[in-house]
Protein chains: 2
Amino acid sequence: MQNSNHENFWESMPPLLPSVSIDCTILGFHDNQLKILLLRFKNTNSFALPGGFIDLNEDLQESAQRILKERTGLDNIYLEQFYVFGDKNRRDDKLQKKLMAASGLLLEDDHFLLKRFISIGYFALVDFTKTIPTPDFLSDSCEWYDIDKVPELIFDHNEMVKKALNHLRLGLDEKLIGFNLLPETFTMNELQSVYETILGEKIVRSNFQRKILGLDILQRIEKKMTGAANKAPYLYRFIGK
Amino acid sequence: MQNSNHENFWESMPPLLPSVSIDCTILGFHDNQLKILLLRFKNTNSFALPGGFIDLNEDLQESAQRILKERTGLDNIYLEQFYVFGDKNRRDDKLQKKLMAASGLLLEDDHFLLKRFISIGYFALVDFTKTIPTPDFLSDSCEWYDIDKVPELIFDHNEMVKKALNHLRLGLDEKLIGFNLLPETFTMNELQSVYETILGEKIVRSNFQRKILGLDILQRIEKKMTGAANKAPYLYRFIGK
DNA sequence: ACAAAAGTGTTCTCCATACACCCATGG
DNA sequence: CCATGGGTGTATGGAGAACACTTTTGT
């Protein structure tokens, strides 16, 4: 954490698109819970969604993918724009300065980070088990939190989470995106659990199976050997159609 | 159109948020047709969606509303973000220069209009009869076009229109937004015609009435005096609920 | 009387839900 | 055997599409 690092920090960044940031609501599924990936700024108790800026030579979508890769280690993440947050007072200069100062970065009053930004909200669904959460330069923690225990976040990030979840619920059946929260192969029970958690309601097993299997989007693989004293469940793989 | 106007043009603009533009797909309904409002750049045959930039002291939504007001004369327009267009090569510097030159504006190579922009796509539904289409400084025409006769548009604007229409269709029943294309009061037939046009299919009258009236979102007003030799239709007003 | 508007009734199909029940199977 | 997984049958209710028919009403 030597000072030379700090001096170089901004200069080492590639040319960026001004005024625009990306913030990502990254969701995973574990222990029958929806989880969200949050950063904590160094030496503070301030939490935020993972985010970043757009390099001038990146398509918007590419930027979001890069940011996700940096925080999770994953390529080919399911990713979707859901809203642009553009209120003129959505950010808080004092807080911004404080957060940067906590990382040893002093911002001049005309620093670009203190200018107005709009933020494009992306939401991403990942296979929890495959992620390697990695803090960025400004944070000392990048961890999963239960979706119903999200702490207070900076700026308008709590609103972002709320909107992202709503977007997820609305698109769950329509876009068949629940699979992205599971590993390559999964049992029908696990899938049902994902649906129940996201929708917040119990589903009758037999009806759920009929519905999902009727969509012709799953390939049945083999039995899962559980070692339990009962029939082993089948494994399925999502094949789209 | 004296040169002094041109010299002052950019300087007269308020401070803008860099890199970000707004483009609006403005839809109206007339003669049983969906119509879209398009600009033609001065002294060219290039068409574009109405758009603009974000003043530093405007919320994003306010910017979109202002732009819409400037082109249609209307306040309180139904307005919705639907997508951010952010490919790095979505714009074309040569075309941009040509369009500006056609208005007598010469752009230096480092002019801000030649920098990279992302564009936030808004779509708007307006009461056709109330609009006063008004060209902007760079265009000599602002007119309604049949939605199925949209000419080639600049940049990625044709794609914007396509995405906006898709968005409209998906949200029609869900968000009950069709009413925004009609005057304050309207007949059931007119409303049905809006739905049929947007969805591109015939609907059985009696079923449509049952469905819409069952939603409890319409207030029945009075009879419309048509002067025709038949029963006059009722007028309805949208009351949301 | 006429023509269009408005309302009602009926039938069908489709789909989601709920629930009961059976079979399969790994230990 | 038994606990869980997996599958089927079936009744119900609601939504919506198709169609027929009646009633209303302004000129």
Side-chain angles (χ1 to χ4, degrees), chain A residues 31-32 169-176 178-179 182-183 185-239 241, chain B residues 31-32 169-176 178-179 182-183 185-239 241:
Chain A
D31 280 346
N32 274 359
R169 288 194 190 98
L170 292 177
L172 189 57
D173 273 332
E174 178 77 22
K175 300 178 197 150
L176 300 174
F179 308 95
L182 291 170
T185 60
F186 48 87
T187 67
M188 195 55 79
N189 250 339
E190 289 166 344
L191 183 59
Q192 181 173 343
S193 182
V194 166
Y195 271 69
E196 288 180 340
T197 304
I198 292 174
L199 300 176
E201 58 188 14
K202 283 281 165 203
I203 305 175
V204 175
R205 176 191 56 82
S206 56
N207 292 336
F208 181 75
Q209 293 222 352
R210 243 193 298 247
K211 172 175 151 185
I212 297 291
L213 292 177
L215 294 174
D216 263 351
I217 51 169
L218 292 189
Q219 183 189 10
R220 195 164 86 177
I221 312 286
E222 76 233 7
K223 310 267 179 161
K224 184 187 195 178
M225 298 302 166
T226 59
N230 52 44
K231 180 180 177 183
Y234 292 108
L235 286 177
Y236 293 91
R237 181 198 314 279
F238 179 67
I239 55 167
K241 180 135 49 182
Chain B
D31 280 346
N32 274 359
R169 287 194 191 99
L170 292 177
L172 188 58
D173 272 332
E174 178 76 23
K175 300 179 196 147
L176 300 174
F179 308 96
L182 292 170
T185 60
F186 49 87
T187 67
M188 194 57 79
N189 251 340
E190 289 166 343
L191 183 59
Q192 182 173 342
S193 182
V194 166
Y195 271 69
E196 289 180 338
T197 304
I198 293 175
L199 300 176
E201 58 188 15
K202 282 282 162 203
I203 306 175
V204 175
R205 177 193 56 85
S206 56
N207 291 336
F208 181 76
Q209 293 223 350
R210 242 193 300 248
K211 173 176 152 186
I212 298 290
L213 292 178
L215 294 173
D216 263 351
I217 51 168
L218 293 190
Q219 182 188 10
R220 196 163 87 176
I221 312 287
E222 77 237 7
K223 309 272 176 156
K224 183 188 196 177
M225 297 302 166
T226 58
N230 52 43
K231 179 180 176 182
Y234 292 109
L235 287 176
Y236 293 91
R237 182 198 314 279
F238 180 67
I239 55 167
K241 181 136 48 183

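Numbers restart at 1 for each chain; the letters A, B, ... are given by sequence-line order, proteins then strands.
Going from atom CD1 of B/Ile198 over to atom CZ of B/Arg169 covers 8.5 Å, rounded to the nearest 0.5 Å. A distance of 8.0 Å separates CD in A/Gln209 from CG in A/Asn189, rounded to the nearest 0.5 Å. Separating the CD atom in A/Glu190 from the CG atom in A/Leu235 is a distance of 7.5 Å, to the nearest 0.5 Å. To the nearest 0.5 Å, the span separating CG on A/Leu213 from CE on A/Met188 amounts to 4.0 Å. Between atom CZ of residue B/Arg220 and atom OH of residue B/Tyr234 there is a gap of 4.0 Å, rounded to the nearest 0.5 Å.
Here C/dA16 presents its C1' atom at 13 Å from CD1 of A/Ile212, a figure rounded to the nearest Å. For B/Gln209 and C/dT8, the CD to C1' distance is 12 Å, given to the nearest whole Å. With rounding to whole Å, B/Phe208 atom CZ is found 14 Å from C/dA5 atom P. One interatomic measurement links the two molecules: NZ of A/Lys211 to C1' of D/dG7, which rounds to 18 Å at whole-angstrom precision.
Proximity of A/Tyr236 to A/Leu182: side-chain heavy atoms (C-beta onward) are nowhere separated by under 4.5 Å. Residues A/Tyr195 and A/Ile203 have side chains in contact (heavy-atom distance under 4.5 Å, counting atoms from C-beta outward).
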Nucleotides 19-27 of chain C: protein proximity per nucleotide (B base, S sugar-phosphate only, - neither; heavy atom, under 4.0 Å): BB---BBBS
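Aromatic ring orientation, A/Phe238 versus A/Phe179: parallel (interplanar angle below 30°, classes split at 30° and 60°).
Looking at the side chain of A/Arg220, the nearest of the listed nucleotides C/dA6, D/dG7, C/dG7 is D/dG7.
The stretch residues 186-203 of chain A has no heavy atom under 4.0 Å from DNA chain C, so no residue of it qualifies as close.
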